[in-house]
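Remarks on the structure that follows.
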Amino acid sequence: MSTPALSVERVVAVIGAGAMGSGIAQVAAAAGHPVKLLDARAGAAEKAVDGIRVQFAKLVDKGRMSTEAAAAAGARLSAVDALAGLADAALVVEAIVESLDAKQQLFRELESLVASDCILATNTSSISITAIGAALQRPERLAGLHFFNPAPLMALVEVVSGLATAREVADALFATAAAWGKSPVHAKSTPGFIVNRVARPYYAEALRLLQEGAADVATLDALMREAGGFRMGPFELMDMIGHDVNFAVTRSVWTAFFHDQRFLPSLIQQELVDAGFLGRKSGRGFHDYREGAARAQPSSEAARALSAVPCVHGDSAAAQALSARLDAAGVRHERDAGIDGHNSGHNHGRTNGHTNGRIATVGGATLFVTDGRSATQRAAETSTPGVVLIDLALDYASASRIGIAAARQCPEPALHAAIALLQAAGLQVSLLNDVPGLAVMRTVAMLANEAADAVHQGVCSADGADAAMKLGVNYPLGPLAWAERVGVDAVRQVLVHLGAAYGEDRYRVSPRIQQAFFAKGSLHD
Ligand code: NAI
């Protein structure tokens, strides 16, 4: 029998009435619990209660809550000014300052005060649940209940088990979060839990691409949005989070993993922090938010005329979409079922819709989807001077922009023909310097690699990793589902080539991806 959720008559206590504590108290009160809010700062809890009631009133105005429900939920909230006032709580959620000492001290005091069956939860986003629990006489009743900001809007809750956490406690929190309308995911207490670990490559690869001069900030942001389907580009997202906060999270995950190169912080971001260019909140980060500042625009190639008849090869997702887009635009082109130069009709190298084969030829250019080698390397290794690489798109049929890179050996007219072809298909084209793996492909491969490692190491399930990234940071697809869509073999190939190109341990392939590749299986099995 599954563990039931905490029944709604039971009192929920929230300690820390800041941004997170207020949001959590709002969620619990809306779900029907009497909620007691406490803060060390005089008057802060009362103010938070008033603020939550204002939020309920706004929901009534928007037609998302009835007047009666808002009044009842508002009445269930109360401010408390001493820990003793929380003695009748069945669940305490702590959302105080992010300090191990402060949290340990608070839970130690609480332990002697609350009933023996009271569940203790912490909203920490970076401190080990195991370490907090070590201060308790009964660490089995402590778990992480990690909400995302703003808690009333974000569906994800990571239910984090420390080494000593009892399974029933994690299960009760999971059921309770679900009853509160959230989408909980179980996680083991490891650095960054799920989201703050698996999301690291989204920032890290972008910072590396910038450092290597792949493209400017506005162009990389635009590619991740318009080709990758991410809601925000990595640089504008870091600007919004604040570089102090984002850099601190990266450092803490990197340090906690004993300086694993996977999580290496970026000198570029350190410079921003040192300069006080913290992002939106300080008026300046990667982008300029000061009054009157012009927003930097992504660079797009100037329009080129298509002067040769292109040929689209094979039936990969990219080739099919390219052909359909050309048809829709009334652009005459040839179709060739083969991909390797033989018009054989066989699906050579086909991998779940992506392929290592060429997808189009036009005017001396041969277009491939990146496999993690630079265009220059690929041109040399395939004796094809006119190599033009195409980045990954979430959906080649609907993308509005695509990143490309050309081999150094590629004649200029051939590059121009490739650009003209993609423009004729209705795409804005951003020409990157010839970095291995381009932007979207490299990022998605590394996100999938990290998610695969988290699953491989027992931090969470494959479905949990995917759900966490979609719900916690709004990714358009879970990283593992995305890797399967691209093709496990294609993603592995990109990682292997990145590893070879950089000679760094950073790009080592997760054993879970290796296993799925060799077994021709799924990352979700
Ligand atoms: P905040 O600074 O907005 O609020 C913290 C509140 O706790 C303050 O009102 C402070 O007066 C109070 N406080 C500090 N020490 C206390 C104590 N010993 N007893 C009672 N009250 C105390 O901080 P925020 O952003 O709400 O974060 C709270 C916790 O939630 C931290 O552990 C943080 O890591 C975590 N978290 C924060 C997220 C965010 O995006 N801000 C997201 C998820 C988790």
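Heavy atoms only: backbone and side chains are in, while hydrogens, waters and symmetry mates are out. As the structure lists them, so they are numbered: ligands from 1, and atoms in each ligand from 1.
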Throw together a table of side-chain donor-acceptor distances under 3.5 angstrom for residues 139-156, partners on residues two or more places apart or in other chains.
from   : atom 1 : to     : atom 2 : distance (Å)
Glu140 : OE2    : Arg138 : NE     : 3.2
Arg141 : NH1    : Ala115 : O      : 2.9
Arg141 : NH1    : Cys118 : O      : 3.0
Arg141 : NH2    : Glu111 : O      : 3.4
His146 : ND1    : Glu158 : OE1    : 2.9

Reported NZ-to-CG distance for the pair Lys62 and Leu59, which is rounded to 0.5 angstrom: 6.0 Å
Going by atom type alone, with no hydrogens or angles, which donor-acceptor pairs under 3.5 Å involve a side-chain atom of residues 11-24 and a protein atom two or more places apart or on another chain?
from  : atom 1 : to    : atom 2 : distance (Å)
Ser22 : OG     : Ala17 : O      : 3.2
Ser22 : OG     : Gly18 : O      : 2.8

Please determine whether a side-chain nitrogen of the Lys or Arg among Arg284 and Asp239 lies less than 4.0 Å from a carboxylate oxygen of the Asp or Glu. no
Filter the ligand 1-protein atom pairs down to N or O on both sides and distance under 3.5 Å, then list them.
from     : atom 1 : to     : atom 2 : distance (Å)
ligand 1 : 3 (O)  : Ala19  : N      : 3.1
ligand 1 : 9 (O)  : Asp39  : OD1    : 3.4
ligand 1 : 9 (O)  : Asp39  : OD2    : 2.6
ligand 1 : 9 (O)  : Arg41  : NH2    : 2.7
ligand 1 : 11 (O) : Asp39  : OD1    : 2.6
ligand 1 : 11 (O) : Arg41  : NE     : 3.2
ligand 1 : 21 (N) : Ala40  : N      : 3.1
ligand 1 : 26 (O) : Ala19  : N      : 3.3
ligand 1 : 26 (O) : Met20  : N      : 2.8
ligand 1 : 30 (O) : Asn123 : ND2    : 3.0
ligand 1 : 32 (O) : Ile96  : O      : 3.2
ligand 1 : 32 (O) : Glu98  : OE1    : 2.5
ligand 1 : 32 (O) : Lys103 : NZ     : 2.8
ligand 1 : 34 (O) : Glu98  : OE1    : 2.8
ligand 1 : 34 (O) : Glu98  : OE2    : 3.4
ligand 1 : 34 (O) : Ser125 : OG     : 3.2
ligand 1 : 40 (O) : Asn149 : ND2    : 3.4

Which pairs would a plain distance check flag for residues 67-95, meaning a side-chain donor or acceptor within less than 3.5 Å of a matching protein atom at least two apart in sequence or in another chain?
from  : atom 1 : to     : atom 2 : distance (Å)
Arg76 : NE     : Ala29  : O      : 3.2
Arg76 : NH2    : Ala29  : O      : 3.0
Asp88 : OD1    : Lys36  : NZ     : 3.0
Asp88 : OD2    : Lys36  : NZ     : 3.2
Glu94 : OE1    : Lys103 : NZ     : 3.4
Glu94 : OE1    : Thr122 : OG1    : 2.5
Glu94 : OE2    : Ile96  : N      : 2.8
Glu94 : OE2    : Lys103 : NZ     : 2.5

Should Asp288 and Arg290 count as an ion pair when the cut-off is N to O under 4.0 Å? yes
